[in-house]
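This report refers to the structure that appears directly beneath it.
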Amino acid sequence: MSSHAHAHVAHHFESAEQQRQSAQLGMWIFLVTEVMFFGGLFAAYVVYRSLYPEAWVVGSHLLSIGLGGFNTAVLLASSLTMALAVHAAQTDKRNATAMWIVLTMVLGFVFLGVKVVEYAGKFEHHLVPGAHFHVDPMAELAKLEAAGVHVGQHLRHAFETANPSHVQLFYSLYFAMTGMHAVHMIIGAGLMIWLLANTLKGRYSSAYYNPVEVTGLYWHFVDIVWIFLFPMLYLIGRH
Amino acid sequence: MSETATIAATAEPKNYLTNRHTIQSWLFTVDHKRIAILYLISLTVFFLLGGAAAALFRLDLMTPQADLLQSETYNKLFTMHGIVMIFFFLVPSIPAVMGNFLVPVMIGAKDVAFPRLNLLSWYVFMAGGLIALGAIISGGVDTGWTFYTPYSSMYANSHVILAVAGAFIAGFSSIMTALNFIVTIQKMRAPGLTWFRLPLFIWAMYATSLVVILGTPVVAITLVMIFIERFFQFGLFDPALGGDPVLFQHLFWFYSHPAVYIMILPSMGVISEIVSCFSRRRLYGYTFVAFSSLAIAVIGFFVWGHHMFVSSQSAYAGLIFSFLTFFVAIPTAIKILNWIMTMYKGSISFDTPMLYAYGFLGLFTIGGLTGLFLSTMATDIHLHDTYFVVAHFHYVMVGGGVMGFLGALHFWWPKMTGRMYPEGWAKFAAIVIFIGFNLTFFPQFQLGYHGMPRRYHTYAEEFQILHVMSTAGASVLGAGYLIMAAYLGWSLFKGKRASANPWDARGLEWETTSPPPTENFLSTPTVTQEAYAYDKPSVTHVPPEEKRV
Amino acid sequence: MSEHHVMPIRVYLTIIAILMALTVATVWVAFLDFGYLNTVIAVGIAVIKALLVVMYFMHLKYAAPITRLFAGAGAVFFVILIAITLSDYRSRDWFPFPEPWEQAHEAPASH
Ligand SMILES: [Cu+2]
């Protein structure tokens with residue numbers, strides 16, 4: 001066993017354990033940079049929301065909770081399959097590892113597919129910021145009421161006072177944040193392909209599974225970003 | 001570089017420079033020492049470019065009216081100077097060159113934790129640099145290195161997207177280096193090398209890396225936001241949509257104030273090494289100096305609003321930012337005090353690295369203290385965006401950052417190249433640089449105090465005499481750099497061979513050969529004593545037959 | 001210290017069940033009116049979900065102390081960035097800007 005492990009220890013490390021801890025710490029530090037990277041967008045979101053809460057109410061009402069909620073479930077499930085892939089690698093189950101990686105990737109693509117549907121809808125409804133952006137909060141309010149949604153006092157007030165330009169700001173942030181998240185998903189899917197290839201080549205075992213483990217960390221992180229984006233974009237101000 | 005290697009190879013046992021000679025052995029190397037050399041060469045080129053831009057607009061500023069340059073060109077030149085010098089010279093300077101070379105050697109490791117990532121960081125850096133150069137060649141950028149919105153995002157007609165992309169990409173290279181250093185220092189220290197036996201340079205690199213890790217991603221996303229606004233026309237800072245251009249300043253300075261510490265903390269680490277070596281004393285107040293690096297790194301994240309006193313930032317926020325800014329002076333003063341205490345009753349010798357350390361102490365102190373004028377809200381309203389600010393940050397970044405870099409370059413030059421530079425010329429150049437620097441920038445304090453705004457192409461006639469002095473100083477400064485380049489280049493071929501420990505210094509890097517073998521040490525060293533044990537004889541792991549003096 | 005920690009699959013399944021339940025809960029709560037507390041609850045649930053992912057799926061619970069320190073530092077500095085930036089915007093109208101000169105000192109009619 002230990003001779004097997006040694007084959008994977010790079011020349012500048014003293015032991016497999018040192019190498020594994022280094023890979024783990026390195027990935028966590030990278031994730032800290034990712035947290036700060038998204039931090040800039042979150043800061044913009046928090047500032048603008050605190051300035052224009054009513055526009056945020058209108059903006060989030062035009063997003064589909066159904067699609068957003070479905071995607072949340074999909075990503076959470078993909079985190080489970082990723083965790084199971086690491087588990088399978090830890091316990092020397094190569095075929096199971098490959099299967100869980102494939103499943104993670106598939107769930108990732110499902111998420112991206114739904115995202116494409118959502119983006120297309122925004123194009124259709126002129127909710128993409130820029131010259132063609134158009135939103136009429138009063139008309140949206142009328143639609144809500146026509147659909148039989150109970151519109152409380154706060155909600156009505158928000159729709160009556162929201163400035164369409166500020167709603168456009170909401171959508172700039174919506175696209176920036178979900179777009180940046182999607183870019184990370186695409187990179188993650190690419191990493192899954194790489195992991196799969198190496199798994200099938202038999203590179204990973206219970207003695208050496210650092211790449212599976214640290215790619216898993218990355219994948220879970222992308223999931224966490226969505227865990228925050230979903231309530232912040234879709235659920236804010238529904239009451 | 002490879003010619004040097006060839007010459008050395010005939011007489012020498014194999015070291016990291018001589019063990020292979022092909023171009024590929026350099027371009028695809030994963031040896032941290034060779035990557036350091038790659039960085040050194042590329043940074044020298046960027047420094048020359050940034051310096052050339054400064055020389056041009058400094059020449060133009062000799063007269064109050066525009067003679068040499070058109071106003072647009074002038075704007076593009078100072079922008080280029082700022083972008084190149086900050087993102088492509090100062091931020092990477094000591095970490096990417098000295099840190100890359102020294103961190104593994106100083107902690108007795110064979111390499112950094114992720115050698116391939118280290119090489120990738122150089123390629124990413126070069127890609128960023130070439131894209132930024134592309135922006136300059138294809139017509140230039142005129143936003144200033146700060147890329148303030150809404151000018152950068154909406155109105156500027158220059159190549160903002162390319163320049164922003166270049167800076168964004170270069171940011172990743174510093175993140176990769178910093179990540180590597182933290183993991184390396186954390187996980188790969190030699191047996192016996194406890195935290196409080198580490199050289200203070202290592203503490204400084206660790207603190208710097210923390211700042212890079214926490215700050216750089218924020219400026220990265222901020223630059224992405226400019227890109228999104230310019231390219232997709234999604235207003236993120238657009239006042240017409242209710243967006244706030246000052247939000248850009250918040251996000252920008254969240255990184256760019258701590259970035260000053262990315263440039264200065266490594267220098268402080270270097271000064272600790274040099275001062276103790278040339279005073280022959282262990283560093284006074286080791287723990288204080290070590291923790292003050294971390295303190296500077298952390299407090300540095302709470303003060304960014306002092307760049308925004310005259311924006312629409314709230315007076316209360318300004319008050320708190322001003323107050324916190326004074327706090328950074330405390331750990332900085334602790335360091336300076338401890339360096340002076342180290343020298344007190346030491347047996348000081350004035351070798352070239354020590355001259356740069358003295359230069360650092362004087363110039364950085366002036367830079368730091370004038371910072372207090374600017375962090376006081378009332379005086380800042382008068383001094384904001386004047387030459388006073390320009391002089392202040394050049395005293396910090398050149399007087400501190402570059403002096404530290406040059407001190408480090410001279411101190412470890414024998415270790416890196418295996419050759420000694422000519423001491424006489426080196427001292428001469430150090431003095432010329434010191435005089436040239438002061439002549440360039442001291443008049444700028446006065447200019448700014450009298451109301452000369454920064455980034456102006458033309459000015460009132462009464463400012464001319466000070467501008468002429470400044471330009472004259474810049475030529476002296478330039479001459480000093482060129483003398484240095486000449487004798488360092490000469491020493492590569494003709495310099496005296498360096499022994500393993502030419503300064504009789506303490507620390508693992510002096511216990512191996514000059515230059516070190518590829519694996520740094522023939523066997524992993526064990527550390528038994530504290531750093532700076534100048535009261536004990538030096539240790540060597542060099543086999544006796546290789547010892548030369 | 002962090003010798004290959006293999007967690008039983010049962011743990012993963014429990015965690016995913018809680019995560020899904022919390023997702024349903026956060027959607028449900030969003031439609032009830034708690035005033036400003038709605039935001040607090042939404043973010044609170046998201047933080048709990050994130051912590052579950054971090055601790056169990058990402059094994060932070062069993063990671064080396066230095067790893068946990070870095071993860072914590074990331075969260076702290078994320079909050080610092082947002083909190084300090086927001087503090088500027090929240091305090092902008094605490095201090096009235098001085099009136100323009102013309103209004104404070106009525107301009108002579110001849111001007
Ligand atoms: Cu600052």
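Reminder, nothing fancy here: chain letters follow the sequence lines and each chain counts from 1.
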Are more than 12 heavy atoms, taken from residues, nucleotides or ligands other than Phe323(B), located less than 6.0 Å from that residue's CZ atom? no

Distance (rounded to the nearest 0.5 Å) between [X] [atom1] and [Y] [atom2]:
X: Phe70(C); Y: Ile182(B); atom1: CZ; atom2: CD1; answer: 4.0 Å
X: Trp304(B); Y: Leu81(C); atom1: CH2; atom2: CG; answer: 6.0 Å
X: His250(B); Y: Ser87(C); atom1: NE2; atom2: OG; answer: 7.5 Å

If you look at every heavy atom in [X] and [Y], which pair is closest and at what distance?
X: Ala317(B); Y: Ser91(C); result: N-OG, 4.2 Å
X: Ser314(B); Y: Arg92(C); result: CB-CA, 3.4 Å
X: Phe254(B); Y: Phe77(C); result: CZ-O, 4.4 Å

Heavy-atom pairs under 4.5 Å with chain B, option from Ile84(C), Ile66(C), Asp88(C) with the top count: Asp88(C)

With a 3.5 Å cut-off and no angle check, do the side chains of Asp244(B) and Tyr89(C) form a donor-acceptor pair?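 Asp244(B) vs Tyr89(C): donor-acceptor pair found between side chains.
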
Please classify the contact between Val218(B) and chain C as side chain, backbone, both or neither, with a heavy-atom cut-off of under 4.5 Å.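 Val218(B) touches chain C through side-chain heavy atoms alone.
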
Select one option (side chain, backbone, both, neither) describing which atoms of Ile213(B) are under 4.5 Å from chain C's heavy atoms. neither

Does Leu214(B) reach the side chain of Phe78(C), with side-chain heavy atoms less than 4.5 Å apart?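 They are not in side-chain contact.
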
Heavy-atom distance under 4.5 Å between the side chains of Thr67(C) and Gln186(B), does that happen here?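 No. Closest side-chain heavy atoms not under 4.5 Å.
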
